[in-house]
Peer 1: 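Have a look at the structure that comes next, please.
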Amino acid sequence: MQYWLFKTEPSTYSIDDLKREKTTEWYGIRNYQVRNFLRDAIKIGDIVLIYHSNAEEIGVVGTAVVASDAYPDTEQFKEGSKYYDPKSKKENPSWLSRDISFVSQFPEIVLLADLKKEKTLKNMLILRPGNRLSITPLKEKEFKHILTLAQKNKAC
DNA sequence: GCCAACGTTGGC
DNA sequence: GCCAACGTTGGC
């Protein structure tokens, strides 16, 4: 079992959208390192934290589970799509997607500002300045710690 | 293959 | 809206 953090801009796709759709194609990955995570490292059944970036409230908002193997990103072939890539050929697609399924939405967002206060999380990749990967691996310890923070919020 | 210019990400 | 950090592009 592995843990991952998936970033999304809620104005584009939020935890609410995922909750409504239940399962979605996680498309639009246009970074080779992240593409390789999707292809090689990520497995069906891995647990995902959903993170809202570039938003009024930045932080972790819920959990999901990886629900498919990697397959060609459907947007890369759609002319006019923001994610259209004319260099990508159907017989050798550049970009991959996986499906993820909604698991839970936290009662309250766990804010980035609060994550930064936690010693346990100080090595978490998302907190590293300049980190721009939209998917990052999480240690089990980090994942569980964030769940604990989410539970604490509920108690307040 | 180097590297400057440019574009994008993402927190503030 | 600003800007630092970083990836990508393209001329040489």
Side-chain angles (χ1 to χ4, degrees), chain A residues 2-21 24-42 46-64 66 70-100 102-139 141-143 145-150 152-153 156:
Chain A
Q2 302 171 98
Y3 302 92
W4 305 91
L5 184 144
F6 282 29
K7 265 188 230 173
T8 180
E9 299 196 10
S11 57
T12 305
Y13 196 86
S14 74
I15 186 80
D16 295 313
D17 296 319
L18 180 60
K19 189 178 187 179
R20 191 179 57 246
E21 280 193 70
T24 194
E25 175 185 356
W26 204 260
Y27 63 80
I29 302 296
R30 295 293 180 271
N31 170 290
Y32 287 105
Q33 203 178 334
V34 176
R35 192 275 314 269
N36 293 346
F37 281 154
L38 275 177
R39 187 187 58 198
D40 306 325
I42 294 173
D46 282 358
I47 304 293
V48 171
L49 284 180
I50 303 294
Y51 176 93
H52 283 175
S53 69
N54 256 325
E56 220 166 287
E57 293 201 305
I58 298 165
V60 180
V61 290
T63 63
V66 176
Y71 58 91
D73 181 323
T74 57
E75 292 290 313
Q76 67 193 313
F77 306 124
K78 292 184 188 164
E79 223 168 316
S81 165
K82 183 187 173 190
Y83 297 105
Y84 177 58
D85 183 352
K87 286 183 290 184
S88 182
K89 302 290 169 230
K90 282 201 171 163
E91 55 278 14
N92 185 23
S94 303
W95 306 112
L96 301 172
S97 292
R98 277 180 187 257
D99 291 344
I100 64 166
F102 176 82
V103 173
S104 74
Q105 180 171 17
F106 295 160
E108 299 283 343
I109 186 172
V110 178
L111 292 169
L112 174 62
D114 293 329
L115 297 179
K116 286 180 172 173
K117 292 178 196 157
E118 301 296 319
K119 279 210 178 93
T120 315
L121 304 176
K122 72 172 194 295
N123 291 321
M124 212 168 73
L125 288 173
I126 194 79
L127 300 181
R128 288 232 325 253
N131 166 55
R132 288 166 40 182
L133 299 179
S134 59
I135 295 179
T136 50
L138 280 178
K139 297 193 181 75
K141 188 178 66 175
E142 294 164 344
F143 173 79
H145 193 76
I146 291 171
L147 281 195
T148 307
L149 294 176
K152 271 188 200 159
N153 276 347
C156 283

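Naming convention: chains lettered A, B, ... in sequence-line order (proteins, then strands); numbering from 1 in each chain. Computed from heavy atoms alone, side chains included, the values below leave out hydrogens, waters and symmetry copies.
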Peer 1: Tell me if the aromatic rings of A:Trp95 and A:Tyr32 count as close, with their centers under 6.0 Å from one another.
Peer 2: yes

Peer 1: Which heavy atom of A:Tyr51 sits nearest to which heavy atom of A:Leu5, and what is that distance?
Peer 2: CB-CD2, 3.7 Å

Peer 1: Is the shortest side-chain N to carboxylate O distance from A:Asp73 to A:Arg30 below 4.0 Å?
Peer 2: yes

Peer 1: Centroid separation under 6.0 Å, is that true for the rings of A:Trp4 and A:Phe37?
Peer 2: yes

Peer 1: Between A:Asp17 and A:Arg20, does any side-chain N to carboxylate O distance fall below 4.0 Å?
Peer 2: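 So A:Asp17 pairs with A:Arg20 through a salt bridge.
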
Peer 1: Give every pair of a protein N or O atom and an N or O atom of nucleotides 8-12 of chain B that lie under 3.5 Å apart, one pair per line with the distance.
Peer 2:
unit_1, atom_1, unit_2, atom_2, d
B:dT8, O2, A:Arg132, NH1, 3.4
B:dT8, O2, A:Arg132, NH2, 3.1
B:dG10, OP1, A:Lys7, NZ, 2.5
B:dG10, OP1, A:Arg132, O, 3.4
B:dG11, OP1, A:Tyr51, OH, 2.7
B:dG11, OP2, A:Asn54, N, 3.1
B:dC12, OP1, A:Lys116, NZ, 2.5

